[in-house]
2 protein chains.
Amino acid sequence: MSIKCRFCPIRNLPLFSPMTDPELSFMESFKVGEMTIQPNTPILSAGANSPQLFTALKGFGLRYKLLEDGRRQVLSFVLPGDLIGLQAGVMNQMTHNVESTTSMTLCVFNRNELWTLFRNHPQRAYDLTWISASEERFLGEALTAIGQKSALESVCWALARIYRRLESLHMDERRSVPLPYRQQDLADALGLSLVHTNKTLAKLREQQVATWTEGRLTVNDIFALEDMGLVDSQLPQSRPLM
Amino acid sequence: MSIKCRFCPIRNLPLFSPMTDPELSFMESFKVGEMTIQPNTPILSAGANSPQLFTALKGFGLRYKLLEDGRRQVLSFVLPGDLIGLQAGVMNQMTHNVESTTSMTLCVFNRNELWTLFRNHPQRAYDLTWISASEERFLGEALTAIGQKSALESVCWALARIYRRLESLHMDERRSVPLPYRQQDLADALGLSLVHTNKTLAKLREQQVATWTEGRLTVNDIFALEDMGLVDSQLPQSRPLM
DNA sequence: CGTGGCTTTGAGACAGTTCAAACTTCGTGG
DNA sequence: CCACGAAGTTTGAACTGTCTCAAAGCCACG
């Protein structure tokens with residue numbers, strides 16, 4: 001039996017803006033179930049028109065696009081609290097893939113109810129737009145990293161961003177957060193080769209700024225990391241959760 | 001006196017999905033005026049919290065982010081029909097700049113009415129989310145171009161995309177569209193140097209695929225251009241206009 | 001204890017950058 | 001009407017950050 005939204009394990013984090021009671025009951029009807037999946041399982045595929053939306057509750061995933069010849073661009077790392085499939089939800093067409101990296105628990109929503117949401121819950125509709133705009137803001141930053149920054153700057157930017165996101169999810173413990181990805185995933189996110197990504201990470205390790213081994217990222221100096229990554233804007237202190 | 005939405009010069013293009021009468025009258029109240037600006041005029045600035053949203057009616061602009069040292073990433077080319085400032089509209093914070101390249105005419109909306117839109121016009125709210133998701137889809141494609149494609153592939157991708165957009169705005173005439181930007185703008189959009197962008201354009205000219213001079217782009221073979229740019233998805237045949 | 005998946009290291013290659021300068025166009029002012 | 005400067009494009013040539021190729025090392029798992 002799936003958890004009721006009012007007992008959702010993550011929605012009480014200070015990061016997520018509170019919901020009213022009517023919103024909460026609507027979300028409970030909007031939610032059609034929970035899904036637990038194995039590592040490396042596809043969640044949504046490019047070209048598909050999925051009848052479902054998801055919110056990640058637990059675990060880590062990837063959003064990416066593939067070129068015909070196999071080149072892969074990772075668009076973002078999917079962490080708990082992230083909404084998955086909004087694009088297919090409103091545009092009836094996915095143009096990227098989403099898959100799990102670790103095992104994951106997902107909240108499943110019925111896309112057909114999306115219209116009810118827009119008609120009866122303007123605040124939730126607003127939140128959806130907020131989330132979409134926020135995703136857009138992030139991709140703009142990523143574009144700037146890949147397009148303009150050096151490999152070292154890009155890697156610092158990415159690690160700082162991820163560290164801050166996990167920190168606001170209270171997943172940090174003594175300057176360290178889980179980061180169960182491969183170096184290849186980061187390389188594909190930043191448009192760098194695996195080899196060069198590896199050497200750049202080695203540099204950060206030597207300089208005692210950040211160390212990423214065995215699925216954990218330890219950041220000795222988050223401010224140095226943010227500076228080196230030319231991080232400009234702060235993450236919002238509060239955001240809606242779907 | 002500004003034009004009423006029902007007489008809007010672009011909304012009757014087949015590209016834009018039709019609006020109902022109530023929607024149309026709401027839009028006329030949502031719209032607070034029109035603005036005509038000179039070339040190279042800032043429209044919205046990073047960090048600002050503008051009380052306004054805009055829709056481009058006429059003219060060309062740029063969306064971009066700046067790094068402290070002056071490096072610039074162009075996020076997108078602003079064409080007629082594009083909504084400007086949704087990010088500030090919902091998130092109260094711009095993280096990029098928008099400015100005109102040519103002289104422009106903009107439709108001006110009052111951000112305070114955004115809430116009325118969400119409360120009373122669910123279809124328009126849905127459209128807003130659609131637009132935001134569409135922007136996100138585009139940035140994902142741009143990320144893939146910059147991160148994974150060669151300079152030649154990227155340039156072809158960008159020119160093909162722009163050509164198709166202007167074509168669907170009926171701004172094409174015998175395989176040619178207006179493109180009043182500098183090579184530097186394209187270079188900054190693709191994360192390439194000006195020199196290399198110039199040489200890549202020269203190659204396309206020699207190969208008789210596309211020629212961009214004196215503010216016009218002429219495409220001899222749009223299919224070849226799309227192939228060379230590894231363009232994957234089609235632009236939607238119909239989209240909402242704000 | 002062998003095999004597959006991932007990380008690490010070394011070294012040569014090259015796509016794209018940087019530097020520099022010439023060329024074109026166009027508006028401005030003497 | 002010509003000289004001048006500013007803005008953009010084009011070309012050449014040297015340089016370099018990052019890539020590709022190659023191989024070794026590490027570790028978990030069957």
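Every chain is numbered from 1 and lettered A, B, ... according to where its sequence line falls, protein lines coming before strand lines. What you see is a predicted model; the values in this text were computed from it and never measured.
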Distances for protein N/O vs nucleotides 23-30 of chain D N/O pairs under 3.5 angstrom?
none

Polar atom pairs (N or O), protein with nucleotides 7-14 of chain D, under 3.5 Å:
unit_1 : atom_1 : unit_2 : atom_2 : d
D:dT9  : OP1    : B:Q183 : N      : 3.4
D:dT9  : OP2    : B:Q183 : N      : 3.2
D:dT10 : OP2    : B:Q183 : NE2    : 2.6
D:dT10 : OP2    : B:N198 : ND2    : 3.0
D:dG12 : N7     : B:K199 : NZ     : 3.3
D:dA13 : N6     : B:K199 : NZ     : 3.4

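Atom-to-atom distance recorded for A:K58:NZ and A:C107:SG is 14.0 Å, nearest 0.5 angstrom.
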Salt bridge (charged side-chain N to carboxylate O under 4.0 Å, His left out) evaluation trace for A:E226 with A:R164: CA-CA 10 Å; A:E226 286 180 333; A:R164 290 299 197 186; 2.7 Å; yes
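Not a single ring pair (Phe, Tyr, Trp, His ring centres under 6.0 Å) links A:Y163 to another residue, sequence neighbours left out. Remark: A:V32 pairs with A:V108, A:N110 by the side chain to side chain contact (heavy atoms under 4.5 Å, CB included) rule, at least two apart or across chains. Residues forming a side chain to side chain contact (heavy atoms under 4.5 Å, CB included) with A:D221 (at least two apart in sequence, or on another chain): A:F223, A:A224. The salt bridge (Lys or Arg N to Asp or Glu O under 4.0 Å) check on B:R182 picks up B:D185, with sequence neighbours excluded. Listed by chain and number, the residues in a ring pair (Phe, Tyr, Trp, His ring centres under 6.0 Å) with A:Y64 amount to none (sequence neighbours excluded).
Between chain B and DNA chain C, the heavy-atom contact criterion of under 4.0 Å yields a 5' to 3' nucleotide range of C:dG16 to C:dC19.
Counting heavy atoms from C-beta on, the side chains of B:R72 and B:L62 come closer than 4.5 Å. Looking at heavy atoms from C-beta onward, A:I162 lies in side-chain contact with A:F77 at the 4.5 angstrom threshold.
At a threshold of 4.0 angstrom between heavy atoms, the contacts of A:G191 are confined to the sugar-phosphate backbone, with no base atom among them.
A:Y181 and A:F60 have perpendicular rings, their planes meeting at more than 60° on a 0 to 90° scale where under 30° would count as parallel.
Taking a cutoff of 4.0 Å between a charged side-chain nitrogen and a carboxylate oxygen, A:E68 and A:R71 do not qualify as a salt bridge.
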Atom pairs and distances, side-chain donor-acceptor, residues 46-54 of chain A, under 3.5 Å, sequence neighbours left out:
unit_1 : atom_1 : unit_2 : atom_2 : d
A:N49  : OD1    : A:R111 : NH1    : 2.5
A:N49  : OD1    : A:R111 : NH2    : 3.4
A:S50  : OG     : A:Q52  : N      : 2.8
A:S50  : OG     : A:Q52  : O      : 3.1

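In the helix from C:dC1-D:dG30 to C:dG30-D:dC1, the terminal helix axes, each the rotation mapping four pairs' C1' atoms onto the next four within five end pairs, subtend 30°, rounded to 10°.
In this structure, a donor-acceptor pair under 3.5 Å is present between the side chains of B:W157 and B:E141.
For DNA chain D, the neighbouring residues in residues 142-153 of chain A, judged by any heavy atom under 4.0 Å, are A:S150, A:A151. Within residues 62-76 of chain B, no residue has any heavy atom under 4.0 Å from DNA chain D.
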